[in-house]
There are 2 protein chains.
Amino acid sequence: MKPDFSPVECCDSVEVHESLLKIVDESLPPEEELYDLAELFKIFGDSTRIRILFVLFEAEVCVCDLASALNMNQSAISHQLRILKQSQLVKSRREGKSVFYSLADDHVRTIISQGLEHVEE
Amino acid sequence: MKPDFSPVECCDSVEVHESLLKIVDESLPPEEELYDLAELFKIFGDSTRIRILFVLFEAEVCVCDLASALNMNQSAISHQLRILKQSQLVKSRREGKSVFYSLADDHVRTIISQGLEHVEE
DNA sequence: TCAACATATGAACAATCGTTCATATGTTCA
DNA sequence: TGAACATATGAACGATTGTTCATATGTTGA
């Protein structure tokens, strides 16, 4: 992101603008937190990952079963599971040759159900 | 997304798999809803848009002030506002030469604060 | 140890995305 | 009406993303 300063005196309203700058400065979370937040939502912004999460709402499932339940090949699912795991949205457990995935915590449900509310209205 | 059927008898566990298919079939929301949900989260998955929303949490703001508050040029902000408006996350109101943007409803706050909780832990 | 199976991963590709630049549209005021 | 300002938008660009393919790693049982 390249900074591209606009003049401070825009909109012919210097006062409003200055108080806005103050508000923004006080209420805007630190840059890093905003970035992490965007990264988190990016994870939910793919329907394959959403579908994986919906399956995991119901059960702990191995990669192979996820793949066939969602009609996708093993590699694609595996790549997405890695992303979900890196974001600590799912966890995994090996059992013999298989690896079983499940939800890491219940934040995921809350976030998705809030999203659904918005979408369904 | 090209279907690439894996054999149904994967993982040497036909039974588990079949009951999973049933569960998925019953609990997975329709494809269109999943798609819309992913589209919604995609909107939140960009830190410029997140920052715009955080400013709008505090006040109704015109494009020019948004641009200078966030140190970005007018065009970039305007493009992002269009995306936010199309998703009905913000609404706009013209007042003379300026256009003022504000949050469309309070779902946005809820979704973002849930996300923050996850990120902050 | 070796074959068979389940999963993970790197490279490559097309597709999508965010920003910039140039310019168009809309509004006000002289 | 025309200049000045605020906003919107289309094209183009580099950057990022999701999937596929090929192959590597890990596990089991013979």
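Below, chain A is the first sequence line, B the second, and so on; all start at residue 1. Note that these values count all heavy atoms, side chains included, but never hydrogens, waters or copies made by symmetry.
- Smallest separation of non-hydrogen atoms from A/Ala38 and B/Ser47: CB-N, 3.6 Å.
- Rounding to whole angstrom units, CG of residue A/Asn71 and C1' of D/dT19 are separated by 15 Å.
- Contact between B/Leu20 and A/Ala69 at its shortest, heavy atoms only, is CD2-CB, 4.0 Å.
- No donor-acceptor distance shorter than 3.5 angstrom exists from the side chain of A/Arg49 to the backbone of A/Arg51, with no hydrogens or angles considered.
- The side chain of A/Arg94 lies closest to D/dG26 when the candidates are C/dT19, D/dG26, C/dA6.
- For residues 37-81 of chain A, the ring pair (Phe, Tyr, Trp, His ring centres under 6.0 Å) pairs, not counting sequence neighbours, are A/Phe41-B/Phe44, A/Phe44-B/Phe41, A/Phe54-A/Phe57.
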Pull out every protein N or O sitting under 3.5 Å from an N or O of nucleotides 1-4 of chain C, one pair per line with the distance.
none

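- Interface residues of residues 78-92 of chain A facing DNA chain D, ordered by number: A/His79, A/Gln80; criterion, heavy-atom separation under 4.0 Å.
- Sorted by first and then second residue, the pairs that involve residues 81-121 of chain B and meet ring pair (Phe, Tyr, Trp, His ring centres under 6.0 Å), not counting sequence neighbours, are A/His107-B/His118, A/His118-B/His107.
- A side chain to side chain donor-acceptor pair (under 3.5 Å) check over residues 35-44 of chain B, counting only residues at least two apart or in different chains, returns the pairs B/Glu39-B/Lys42.
- Contact annotation: side chain of A/Ser75 to base of C/dT9, donor-acceptor pair present below 3.5 Å.
- Using a 4.0 Å heavy-atom distance criterion, A/Tyr101 is classed as a sugar-phosphate-only contact.
- Distance, A/Glu95 CD to C/dT7 P: 11 Å, rounded to whole Å.
- Of the candidates A/Val55, A/Thr48, A/Asp65, A/Val55 is the only one forming a side chain to side chain contact (heavy atoms under 4.5 Å, CB included) with A/Leu70.
- Rounded to a whole Å, the CZ atom of A/Arg93 is 16 Å from the P atom of C/dA6.
- Scored by the side-chain hydrogen bond (donor to acceptor under 3.5 Å, both in side chains) test, B/Glu95 finds B/Arg93 as partners (sequence neighbours excluded).
- Looking at A/Gln74, its side chain comes within 3.5 Å of the base of C/dA8 through a donor and an acceptor atom.
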